[in-house]
Protein chains: 2
Amino acid sequence: MVTIADVARAAGVSPSTVSYVLSGRRSISEDTRRRVQHSISELGYHPNAGARALASSRTNVLALVVPLRTDLNVPVVMQFVAATVTEARTYDHDVLLLTKNEGPDGLRRVAASAIADALIVMDVETSEPRLPVLRSLHRPVVLIGVPADPGDLTCVDLDFTAAGAASVTHLADLGHREVALIGPSPAVYKRGTSYAGRFLRGFRQTATKRKVRAGSFPCAPSYDALRACLDDVFAKHPGVTGLVVHNEAILGPLLSELNRRGKQVPRDISVLAVCPEDMAEAQSVQLTSIAIPAAELGSLAVEMAMRRLDDGGQAEVRLLSPRLTERGSTGPAGT
Amino acid sequence: MVTIADVARAAGVSPSTVSYVLSGRRSISEDTRRRVQHSISELGYHPNAGARALASSRTNVLALVVPLRTDLNVPVVMQFVAATVTEARTYDHDVLLLTKNEGPDGLRRVAASAIADALIVMDVETSEPRLPVLRSLHRPVVLIGVPADPGDLTCVDLDFTAAGAASVTHLADLGHREVALIGPSPAVYKRGTSYAGRFLRGFRQTATKRKVRAGSFPCAPSYDALRACLDDVFAKHPGVTGLVVHNEAILGPLLSELNRRGKQVPRDISVLAVCPEDMAEAQSVQLTSIAIPAAELGSLAVEMAMRRLDDGGQAEVRLLSPRLTERGSTGPAGT
DNA sequence: CTGAAAGCGCTTACAG
DNA sequence: CTGAAAGCGCTTACAG
């Protein structure tokens with residue numbers, strides 16, 4: 001194993017000088033820097049992470065707490081994770097993966113043993129039970145989602161309330177008077193997952209304002225559940241002409257079922273999806289959609305965590321404005 | 001921050017005794033152990049990871065190198081990752097996530113800076129370009145997948161050759177004389193991804209042996225690509241009565257398309273899927289399938305990595321036998 | 001612009 | 001059965 005002493009010897013300087021060349025924390029003569037850099041690459045030196053962490057109390061590791069359920073949208077989680085890891089690397093950090101079911105003890109362990117400098121937490125609930133622990137960790141925490149009372153914790157998410165509103169506005173503008181929201185699994189609502197409730201609220205408020213009849217239909221991610229859900233929609237809303245789908249897992253099956261039932265999109269019924277862009281494009285009918293910007297959220301979360309680490313900065317709640325892209329699955333009502 | 005010295009003081013022993021209580025590397029009187037344990041939980045002590053790593057040259061971290069492509073099956077990757085993290089925790093290890101696009105330098109960095117004790121590498125290609133680097137790391141490496149020449153690297157995977165064979169055997173036994181394999185995206189074959197080629201080989205060999213006419217049709221993960229692919233299948237194999245689908249992303253769309261074309265499963269055409277169990281069960285028709293045991297592979301990989309860390313054990317190539325479950329999407333040919 | 005040295009919090013021979 | 005002490009490989013005041 002190559003140590004800083006080896007590099008120092010090879011370059012004819014002291015170990016501290018090598019360290020300063022690496023950190024840039026003091027000025028080094030051009031000549032010395034060059035000799036050190038040369039020895040470093042010559043020897044293939046990489047600072048020992050444990051020693052560095054011990055001496056500096058910085059690990060250069062971000063802990064990412066992910067849910068590993070299957071009722072959540074898996075591709076969205078993956079996109080988020082990928083963006084987080086990629087962005088973290090641009091700050092010279094690595095990502096440690098923790099699962100939600102490690103619970104409060106796991107969070108305490110990671111913080112107390114100084115395994116990570118900061119935490120990014122996905123799948124936040126409205127009355128998030130982990131909030132007290134997270135606050136007690138004395139480490140920067142970035143929540144993906146917005147709990148009822150974030151306090152001094154940083155949050156970032158899509159503005160789901162605005163997204164819910166935008167979905168109704170779009171359909172109302174097209175003349176639809178009766179719409180249905182096909183939402184996430186009942187389990188997601190039961191858990192009080194932050195985004196589900198916020199979307200629904202925006203959806204309902206705007207429906208009232210725009211005098212659009214609106215119903216909400218949670219749907220479990222299975223073919224049978226979807227069929228039952230659609231039956232329910234058409235029974236309760238015989239005049240429905242617009243569907244807002246906030247449930248990525250059943251997008252494909254939904255389009256098949258509509259087709260099987262002889263409903264053409266958008267002629268007979270408009271469909272607006274809330275999902276990642278690529279998913280909206282990959283369906284049998286290209287879907288008008290409000291994007292779930294998983295990748296942006298991932299890199300933003302890292303950026304915010306890094307900022308809090310560096311400047312000790314202020315907590316903030318950052319909500320990304322929804323972006324709606326028309327792709328032809330929505331059209332005027334009653335044509 | 002609570003240190004081992006704090007615990008020692010509170011328990012009235014030396015720091016080394018606390019360390020030995022934690023590691024169990026020497027016998028401690030029952031009384032001392034109890035006092036120490038009590039102080040530990042009293043103070044909420046967790047050993048500093050960096051200090052421990054520095055002193056012991058063990059990080060208790062496993063690095064997991066994952067592909068972050070979208071042409072790979074995302075749920076399978078997630079299941080694998082989840083199982084890896086969960087299993088690692090049972091060995092008191094954490095998981096560091098690396099992306100494949102960090103490349104050889106990333107692998108070298110992780111090994112040289114002693115961030116992780118061992119590596120688990122997913123998405124291995126037949127002529128895997130990372131093999132030389134991986135061998136040079138002097139750390140246990142477990143590959144998910146089997147390269148042409150694994151050498152002294154440990155490998156674990158489903159026996160895809162046997163799986164390909166089993167798929168044909170199942171259909172041939174049911175009397176099918178002409179079958180088509182709808183495989184992974186052409187990009188997957190082009191890349192030489194290990195499992196795709198192995199499955200195809202088993203499929204072809206057994207088709208020849210059983211005198212079954214067989215064709216192979218790679219399919220990109222989009223609705224349009226699927227339609228074109230099916231057109232191709234029926235053009236080249238007008239007498240086809242069995243479909244083997246080794247491409248999870250297009251399972252749902254495939255069933256919709258068959259339905260739209262008036263082909264009933266399994267009356268008109270049998271469908272056998274290669275995918276995780278829950279996916280086979282979630283389709284509009286419950287699918288007879290050969291399971292992709294993502295979770296088992298994840299925990300096996302961790303187990304094998306831990307064994308190599310502890311006993312320095314032998315390298316091995318471990319192939320799990322395929323398991324076929326009948327669910328009614330396959331039936332006798334020509335009824 | 002650079003070096004010598006203390007110290008980060010553990011583990012583990014060495015000693016008794 | 002237990003303790004004192006060296007040492008792991010860095011960073012960072014302290015000094016010049």
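Chain A is the first sequence line, chain B the second, and so forth, proteins listed ahead of strands; every chain is numbered from 1.
Partners of B:T90 by side chain to side chain contact (heavy atoms under 4.5 Å, CB included), not counting sequence neighbours, listed by chain and number: B:E87. Among residues two or more places apart in sequence or in another chain, the side chain to side chain contact (heavy atoms under 4.5 Å, CB included) test is passed with A:P293 by A:L158, A:E296, A:L297, A:L320. In this view, A:A295 and A:A83 satisfy the side chain to side chain contact (heavy atoms under 4.5 Å, CB included) rule, not counting sequence neighbours. Here A:E42 pairs with nothing under the salt bridge (Lys or Arg N to Asp or Glu O under 4.0 Å) rule; sequence neighbours left out. With sequence neighbours left out, the side chain to side chain contact (heavy atoms under 4.5 Å, CB included) criterion links B:E30 to B:R33, B:R34.
Residue-level contact check: A:R26 touches the bases, meaning some heavy atom is under 4.0 Å from a base atom. A:S56 comes within 4.0 angstrom of the backbone, heavy atoms only, and of no base. In this structure, B:S23 reaches neither bases nor backbone, as no heavy-atom distance under 4.0 Å exists between it and the strands shown. If you check every strand for non-hydrogen atoms under 4.0 Å, B:T3 touches sugar and phosphate atoms only. Across all strands shown, A:T17 has heavy atoms under 4.0 Å from sugar-phosphate atoms exclusively, and none from any base.
Applying the side chain to side chain donor-acceptor pair (under 3.5 Å) rule to pairs touching residues 107-119 of chain B yields A:D94-B:R109, B:T59-B:D117, B:E102-B:R109, B:D105-B:R108, sequence neighbours excluded. Applying the side chain to side chain donor-acceptor pair (under 3.5 Å) test to pairs two or more places apart or on separate chains, those with a residue in residues 127-146 of chain B are B:E128-B:R130. Listed by first and then second residue, the side chain to side chain donor-acceptor pair (under 3.5 Å) pairs involving residues 15-24 of chain B are B:S14-B:S16, B:S14-B:T17 (not counting sequence neighbours).
No donor-acceptor pair closer than 3.5 Å links the side chain of A:D92 to the backbone N or O of A:N60. Between the side chain of B:N48 and the main chain of A:L54, no donor-acceptor pair closer than 3.5 Å is present.
Mapping A:I4 and B:R33 onto DNA chain D by nearest heavy atom places B:R33 closer to the 5' end of the strand. With the nearest nucleotide of DNA chain D identified for both B:S16 and B:S27, B:S27 has the one nearer the 5' end.
Listed by residue number, A:L54, A:A55 are the residues of residues 47-55 of chain A with a heavy-atom contact under 4.0 Å to DNA chain C.
Stem analysis of DNA chain C (Watson-Crick or G-U pairs, both distances under 3.5 Å, runs of at least three) returns C:1-3 with D:14-16, C:5-12 with D:5-12, C:14-16 with D:1-3.
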Ignoring hydrogens and angles, write down the donor-acceptor pairs under 3.5 Å from the side chains of residues 149-156 of chain B, residues two or more places apart or on other chains.
{"residue": "B:D149", "atom": "OD1", "partner": "B:G151", "partner atom": "N", "Å": "3.3"}
{"residue": "B:T154", "atom": "OG1", "partner": "B:R308", "partner atom": "NH1", "Å": "3.3"}

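From the 5' end on, the contacts that DNA chain C makes with chain A at under 4.0 Å to a non-hydrogen atom open and close at C:dC1 to C:dG9.
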